[in-house]
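Presented below is the structure to which this report refers.
No experiment lies behind these values; they were computed from the predicted model shown. In the text below, chain A, chain B and the rest are named by the order of the sequence lines, each starting its count at 1.
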Amino acid sequence: MPYNFTAVEKKWQQHWLTNKTFRALDPDEAGSMPKAYVLDMFPYPSGAGLHVGHPVSYTATDIVSRYLRMKGVNVLHPMGWDAFGLPAEQYAIKTNTHPRETTERNIANFRRQLQMLGLSYDWDREVDTTDPKYYRWTQWILLQLFKSYFDPIDRKAKPIAHLINELTNENFVVAPDNSVVLNPTQEGLEQISGEVRIERLWRELAPEEQREVIDASRLAYTDEVPVNWCPGLGTVLANEEVIDGKSEVGGFPVERRPMRQWMLRITAYAERLLDDLDALQWPQSLKEMQRNWIGRSVGAEVEFDVASPDPDVIGKVSAQDAAEDESEDLSISVFTTRPDTLFGATYMVLAPEHPLVDRITSPTHREAIEAYRTMIAGKSDRDRMADTKEKTGVFTGGYAINPINNEKIPVYIADYVLMGYGTGAIMAVPAHDERDYSFAKKFNIPIRQVVKPQSGEAPMDSAFVDEGIAINSPGINGLPTAAAKEKLIEMLEEEGIGRGSVKFKLRDWLFSRQRYWGEPFPIVLDAKGNPYDIPESELPLKLPEMDDFKPTGTPEPPLSKAKDWVRVESDDGVFFRETNVMPQWAGSCWYYLRYIDPKNDRRFVDAQKERYWMPVDLYVGGAEHAVLHLLYARFWHKVLFDLGHVSTPEPFMRLVNHGMILGEAEYTVFETEQRTAVSVVDVESIDEDGATVTGRQKGTGRAVTGRRIDEGEVERTKEGFVLRSDHAIRVESRSYKMSKSRGNVVNPDDIVRDYGADTFRLYEMYMGPLEAQKPWNTRDIVGMLRFLNAVWRNLVGDEESENHRKTRVVETNGIPEALDRQMHRTIKKVGEDTQGLRFNTALAELIKLNNEMTGLAEIPRPLAENFTLLLAPFAPHIAEEIWERLGHHKSLARRPWPQYDQSKLAEATMELPVQVNGKVRDKISVPADAEEAAILQAAESAERVRPWLEGKSIRKRLYVQKKLVNFVVA
RNA sequence: GGCCUCUUGGCGGAACUGGCAGACGCGAUGGAUUCAAAAUCCAUUGCCCGCAAGGGCGUAUCGGUUCGACUCCGAUAGAGGCCACCA
């Protein structure tokens, strides 16, 4: 009978589920088996269901998992749901259903779709981030962050108790900004005489001050920060969720306003997150993206004194400020990556939000400064970005002293300087920075060149930003940029006016959302808003049951409406629950750990099991998570590592990004001048005014539309419209992302119904390299269906058709030599390509071997069995069915992978191309073990080679081992 | 604007470290089978010249290195991705 994929696939999916065929063994069951943790990025179960892009990576990891099981490896291959998040909540609000309901429905649909693809997950390990049994541990990890600080000496997270200890012992002191630093006297550093010691000792602090210091040190802390408030979504968003001043979800405008928010101190880990990238087997491009995101810049901090303020300025500032003015001279710290250009600094710019702006501004300029600051504050990020070309800013009326040459330079404020990076202030060197240049031009500020190019002249109408030779800079003149930087930093440090410094672009992670559908914080606040952790025994802290979970429309989160839930009375008094929830990223930061031990209710993961399975050996997913998920997860993992909860410093050893599947190509016809990419179109019609041509591309038969070619180029014949044959046209094709609006979305359900899951899997793997972006083309799928049908006919037979072969598998071990060689080559290639994730070429080899079998009268059993086993990871349903019909009673899932015989790969004779001056002229057949001299002899006398050598002298005879022969003649 | 990646037949793609360009699939053309169709099987299929034998040209464009370049180097053009006033 012909191959019935629907019945066969259903049968084996059922079989795998009931027999738990793909159960991963716990370490104590596994014995000496090697382990492999093969992980997919778990999906957000959207209402739209699976997209044809999902199965690309899922099939890839499934093939690897199935292959490894057959190699005798204990494989952990799990799946779960990243189910908290905005879309479910938005949908819930729109339809007035609880997000739990829609989430459950969506998960059921996703599970059905994944099972219909025959993916070999261990379904007993399924996780769901919205399940209280799961988010209990998400909350537990947040508590660990809350109860830890980043130790500046050991550069790792430690419990807060340890910090209090260090402070009590006066190993640490408290800096003015409440940060904790090494006690300089403990280090044996002598205090510079006359300098005022500004650090404070722990015992000098009042209890309230002490708690402020502690709270400011936590890895999870609250802060009043300017946030991206999105009125459309009624929530605050992370910088990463704002694109061009609009929300990533929904595209609503986003504005900035200060709010109390939860932050995670990812910046403490910037250096380690950067350094540890090197050892990971990740795509270079992705590592580069993370490096750019972390954004390490090496340079110097330089102190600029404020030029003696006008007396009337002091009159205006508050009494407290005036008191401080007496004790210390005002100075502004700037960060620069080009300290070598310090002599070229002709003005200074502060961010509009810089705290010193008030102190510097002269009374005559105050009004203009205030107006500018108000204007900037009201601007959304989007507006701020819109006009990056035109620089704006205002003079403060104040001046600063360039410490290197005691020059008095004007101080401006401008929005091109950002408060969030460096020190929020810059020295401006218009000769060597594009932004400073355009600002200086606009405000008529002098431009002084202090670096000249290695050769040639610096441009007159733009900044010279490249490296060169220092000039006009006493002390570093003549030095190339790199050396000049070093020398100048030395000079700064000697004079005590600056120091070498490293800054990062990475900001702390804004971790709270004003939504309902997320993990509640396991935190209560006292009347003053001070945070306290709740006991771990009270976890999970469940979301309150609410009928009205709509945003309040104000920054007050929806949970604030659950009054009974919010109020907590205890022996210590009345507390209020934190009403923010965690962002969607929270659950995905550690899910890979939960798969290891998903049912454990005493720990987030058992320590022994964690040591056995971690790290993840292969992680496959889309590049859209290159910086967000992958950076956040690495951060959490490192914290857990520091605190001794996990055994590896990095979670994901090998990571691969699968390419996106684009929609089917769309075609347009153009007249062409060049005869490149020419193809012919049979025109079916042109519209009345002749502007649009529609037709079919010759060869592909695909519908094309295009601009009208030329007047008179299109003729009408009996058959219809045609293009004159001498006319060259160009058919341009373009593929776009699949999207509802374009109407080019392909639903996996349809494909599986029409072609079967095996064919679908094969097609997606055969389209091209896993990492490449590839256009979908439904027309091509049939090739894989034909392949599977041919395999079925070869190994099972088709009794229904006279013309078709009966089963021809015969009981013999004798395989004809050529076929045997092809089989061993296929075993080798399929194994190697599968390990290298080159599924397209592995399949090509299988197809080739099947084509060889198609010409045979009978197929020896060893060949039939090996072929079935090789096919199994790719097309598991049909392979299991054939395996059974070959007389086996157990699933082939753990059947040993075939081995190839090295000695059977090579032929006795080999064919060598013979080139003359690099052009192939003939081929010779020689014994595989022939001597070089004999080969050259044979090549030289080859029939089609001789004419090219006649009358010429052979200058060189080249023989490349088993590759080719080349004669160089004059 | 910066950083990164890519560009091979009518289409998807192959060629792992420089060594026979176009494996394999789709499409197309011709044939077999069939009353006919579907399905299947066989053959051809980069372009140009030639009846043929054969020859020439070909991996976006131009140039270089090499006995030999899709592969390495330089420039140009085009496409895609990420970041985007980060001092």
Does A/Lys391 make a side-chain donor-acceptor contact with the base of B/C85, cut-off 3.5 Å?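 Such a pair is found, so the answer is yes.
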
Please state whether the base of B/C67 and the side chain of A/Asn966 form at least one donor-acceptor pair under 3.5 Å?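 Yes, the side chain and the base share a sub-3.5 Å donor-acceptor pair.
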
As a quick check of understanding, evaluate side-chain contact (heavy atoms from CB on, under 4.5 Å) for A/Met910 and A/Lys962, giving each step before the final call. CA-CA 8 Å; A/Met910 59 180 177; A/Lys962 304 202 184 226; 4.2 Å; yes

| task | Would you mind telling me which residue lines up with the more 5' stretch of RNA chain B, A/Lys774 or A/Lys828, judged by nearest nucleotide? | result |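 Between the two, 5'-proximity favours A/Lys774.
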
* Given that A/Asn917 and A/Leu843 both sit by RNA chain B, which one's nearest nucleotide is further toward the 5' end? ->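 It is A/Leu843, whose closest nucleotide lies nearer the 5' terminus.
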
Phosphate OP1/OP2 of [N] contacted by [X] side-chain N/O (<4.0 Å):
X: A/Asn851; N: B/G25; result: yes
X: A/Arg786; N: B/G27; result: yes
X: A/Thr841; N: B/A15; result: no
X: A/Arg944; N: B/A53; result: no
X: A/Arg793; N: B/C41; result: yes

Considering only the [atom1] atoms, how many Å lie between [N] and [M], rounded to the nearest integer?
N: B/G55; M: B/U7; atom1: P; value: 31 Å
N: B/G63; M: B/A77; atom1: C1'; value: 15 Å
N: B/C70; M: B/C20; atom1: P; value: 10 Å

Practice item. If the plane angle is over 60° it's perpendicular, under 30° parallel, otherwise tilted; pick one for A/Phe867 and A/Phe787. Key: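 If you compare the ring of A/Phe867 with that of A/Phe787, the planes turn out perpendicular.
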
Item to complete: Specify whether A/Phe439 and A/Tyr347 have parallel, tilted or perpendicular ring planes, treating 30° as the upper limit for parallel and 60° as the lower limit for perpendicular.
Response: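 Rings of A/Phe439 and A/Tyr347: parallel, under 30°.
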
Is [N] paired to anything, Watson-Crick or G-U wobble with both distances less than 3.5 Å, and if yes, which nucleotide?
N: B/C67; result: B/G19
N: B/U7; result: B/A77
N: B/G2; result: B/C82

*Which way is the base of B/G55 turned, syn or anti, if we draw the line at 90° from 0?*
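Here the answer is anti: the torsion falls beyond 90° from 0.
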
Would the distance check show the side chain of A/Arg955 and the main-chain N or O of A/Ser953 forming a donor-acceptor pair, the cut-off being under 3.5 Å?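 No, A/Arg955 side chain to A/Ser953 backbone: no donor-acceptor pair under 3.5 Å.
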
